Amino acid sequence: MNIFNFYLNKIKKAVLKNIKILEIEKFDNSINIQVENPPLEFNSDLSTNVAMVLAKKYKKNPKIFADLLKKILEKEINDFKSVEIAGAGFLNITLTDSILIELIKDIFKDPNKYGSNKLKNKYNIEFVSANPTGPLHVGHCRGAIYGDVLSNLLKFNGGSVVKEYYINDYGKQIYNFTKSVYLRIREIKYKEKFINNDDLYPGEYVKDIAIVILENNPKMDFNNFDQLFDKLKKLSLDESMKLIKTDLKKLGIIHDNFISESDLVNKDLIKKTVKKLEDKEFVKKGFLERPKGEEDKNWKKTERLIFKSTMFGDDSDRALQKNDGSWTYFANDVAYHSNKIDRNFDILINILGADHIGYIKRITSAVDALSNKRTKLYCKVCQLVKLFKGGQPYKMSKRAGDFISVNDLLKEVNKDSIRFMMLNRNNDVELDFDFEKVVEKTKENPVYYVQYCFARISSIFRTIKIDYENEIKIKKNTLKFNEYEIKLLRKVLNWPKVIESASFKYEPHRIIYFLYELATLFHGYWSKGNENNKYKFIVDGKIKDSSFIVLKLVGIVIKNGMGIIGVSLPSKM
RNA sequence: GCGCCCUUAGCUCAGUUGGAUAGAGCAUCGGUUUUCUAAACCGAGGGUCGUAGGUUCGAAUCCUUCAGGGCGCGCCA
């Protein structure tokens, strides 16, 4: 249960019931009050700004409302032990001991779901979608993990999520890639020298793909590229996607769905989609201005079909056709998004790299146009990852045409650390990734810090010989928690709110920060036992009920949180 | 020229549907292990929240100006 939302409703009801005493005319949803976690030093469970919000609305001193509301809330809501006025008019609320136990019992009923707000949205999350022309590199890694964890998060919060990968297996790049494989094959088979140029893919992995294809197709004739193209393209793409899927799997990422661009083209979906837009009169035949940025040698002033995206807030209208009349990448992507819309998702999310920022407006315009603004598309951008080693910018030695791949990364750093560190920042700021720090086993490496917290909890359970997974039944109606336990308990009760805000904003890094803070409180409490036996968890082989319950609660939150991040939780370190 | 993002402690960053004395980590300095895991803990110093205005009882958060940094600006994908 999310206690903040729960008591928000109770407070609203209590206020509504007493509008006469408060001398206000009405109280409805237009008045946006908040219930949240007060800072630690105020030593209370909840706080609300209702007095201040009313003061603003009715132009009175917040103190007047606060005094009245204190009495009203104490009288109307049995769960409130006391209500204190603080600061500019905050009401700080302490819950009764018995309701605290009820809240804990509620968590123990279904611990694996504790934190979920049980929303029922249907999401499609498209992420990675790297061109199938080679293995993943570090740049893809952040978006991949962000997308995967966001999916876990939204699922945990009750949503249904389809994780999707759009394979750009159509167009010039794929032609060039296939040609590169072809030339590497001829290099191996006929000792022809591979001559690199800007259009080709020179990477070593292309040789590896060529070798595999040669082995699997001993009788194939490699003399006429044009005749061979369709077949070789398929073979090359299959190998390429195998590499990508293997890399993703090593990072713990498995997509539900792979959608092929060529498939959409072959099924005539582009024509159908453009027709839909034409019917809505969002398409015109005409000319576009020469683009402002870098000079484009291939630019021609030719009449073509254009999507009127400026009607939806884009900076300029966008071409659906190239100058030879074939469809643009954008046209294909619009068709793909039309397909997503037809699958009845509530919310579409695209995870993009920073270099695609300029693309967002046109594709959201297209989704608005096609769905009559009913389906929402959110594009989340991941900024660059800057690699460091011991504080110095890091470049791995690499062969011509290769790049720092996910594979290279995994040779030095384990999956858990990569996943945790890649989420250690808001997605729209640049992230420094230091190879040295990330393998350190100290507080500087937050993944260990949080894992260690769970290992310590597990160690207590081992010592008292209770299986951590056992169900816990509380018999008592009240329990005496010490000051450290109360702090941990309040933090634990804040967990559903963290899930709520992280889901609402699509910001999984909030979970990382929360887990770190929870771990800090826990390690602090643990160390108190070194200074004072009074704070030891285990005395004479036995544990106090209150400590036991708090340990279990912290464990539940860490387990659920790390489950979302997709990081393991060793019981011993 | 235009669009999006960023600017918070020496460094790297949290914190924005406007709220309490602006928080962490690192670095610096000083402490804590016969003890349930020191991969840990405790303490100290460190801030005109880029600039200048505006709205408000109240602004890191909203609006406007300017400056600095990043990414883009295709009829590539």
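Predicted, not measured: the structure shown is a model, and the values here were computed from it. So that the names make sense, note that chain A is the first sequence line, chain B the second, and so on, each numbered from 1.
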If you look at every strand shown and take non-hydrogen atoms under 4.0 Å, does [X] touch a base, only sugar-phosphate, or nothing?
{"X": "A/Asp432", "result": "sugar-phosphate"}
{"X": "A/Ala354", "result": "sugar-phosphate"}
{"X": "A/Phe330", "result": "nothing"}
{"X": "A/His509", "result": "sugar-phosphate"}
{"X": "A/Asn92", "result": "base"}
{"X": "A/Ser47", "result": "base"}
{"X": "A/Ala86", "result": "base"}
{"X": "A/Gly529", "result": "base"}
{"X": "A/Asp333", "result": "nothing"}
{"X": "A/Gln34", "result": "base"}
{"X": "A/Asp355", "result": "sugar-phosphate"}
{"X": "A/Lys505", "result": "sugar-phosphate"}
{"X": "A/Asn323", "result": "base"}

Would you measure the distance from the [atom1] atom in [N] across to the matching atom in [M] and give it in whole Å?
{"N": "B/rA27", "M": "B/rG18", "atom1": "C1'", "answer": "34 Å"}
{"N": "B/rC11", "M": "B/rA39", "atom1": "P", "answer": "31 Å"}
{"N": "B/rG47", "M": "B/rA24", "atom1": "P", "answer": "15 Å"}
{"N": "B/rA67", "M": "B/rG45", "atom1": "P", "answer": "39 Å"}

What nucleotide, of B/rA20, B/rC5, B/rC75, holds the atom closest to the side chain of A/Gln383?
B/rC5

Is the shortest distance from a Lys or Arg side-chain nitrogen in [X] or [Y] to a carboxylate oxygen in the other one below 4.0 Å?
{"X": "A/Glu23", "Y": "A/Lys60", "value": "yes"}
{"X": "A/Lys386", "Y": "A/Glu430", "value": "yes"}
{"X": "A/Glu303", "Y": "A/Lys285", "value": "no"}

Give the rounded distance in Å between these two atoms: [atom1] of [X] and [atom2] of [N].
{"X": "A/Lys361", "N": "B/rG72", "atom1": "NZ", "atom2": "P", "result": "17 Å"}
{"X": "A/Glu507", "N": "B/rC5", "atom1": "CD", "atom2": "C1'", "result": "13 Å"}
{"X": "A/Met52", "N": "B/rA59", "atom1": "CE", "atom2": "P", "result": "12 Å"}
{"X": "A/Tyr175", "N": "B/rC76", "atom1": "OH", "atom2": "C1'", "result": "16 Å"}
{"X": "A/Arg456", "N": "B/rU33", "atom1": "CZ", "atom2": "C1'", "result": "11 Å"}

Complementary nucleotide of [N], counting Watson-Crick and G-U pairs under 3.5 Å:
{"N": "B/rC2", "value": "B/rG72"}
{"N": "B/rU51", "value": "none"}
{"N": "B/rU17", "value": "none"}
{"N": "B/rA39", "value": "none"}
{"N": "B/rA67", "value": "B/rU7"}

Heavy-atom donor-acceptor pair, [X] side chain to [Y] backbone, under 3.5 Å:
{"X": "A/Asn117", "Y": "A/Asn157", "result": "no"}
{"X": "A/Ser129", "Y": "A/Tyr166", "result": "yes"}
{"X": "A/His523", "Y": "A/Thr520", "result": "no"}
{"X": "A/Ser180", "Y": "A/Asn176", "result": "yes"}

Nearest heavy atom decides the nucleotide; on that basis, is A/Asp315 or A/Gly87 closer to the 5' end of RNA chain B?
A/Asp315

Judged by nearest nucleotide, the residue sitting upstream toward the 5' end of RNA chain B, A/Trp299 or A/Arg510, is A/Arg510

Does a side chain donor of either A/Glu261 or A/Tyr336 reach within less than 3.5 Å of an acceptor in the other side chain?
no

Below 30° counts as parallel, above 60° as perpendicular, anything between as tilted: where do the rings of A/Tyr506 and A/Tyr378 land?
tilted

For the residue pair A/Phe312 and A/Phe307, categorise the inter-ring angle as parallel (less than 30°), tilted (30 to 60°) or perpendicular (more than 60°).
parallel

With the criterion set at under 5.5 Å between ring centres and under 30 degrees between planes, would B/rA24 be stacked on A/Tyr516?
no

Pull up the glycosidic torsion of B/rU33 and say syn or anti, syn being anything within 90° of 0.
syn

Would you say B/rA77 has OP1 or OP2 under 4.0 Å from some side-chain N or O of A/Lys322?
yes

Interface polar pairs with nucleotides 28-30 of chain B, N/O, under 3.5 angstrom:
none

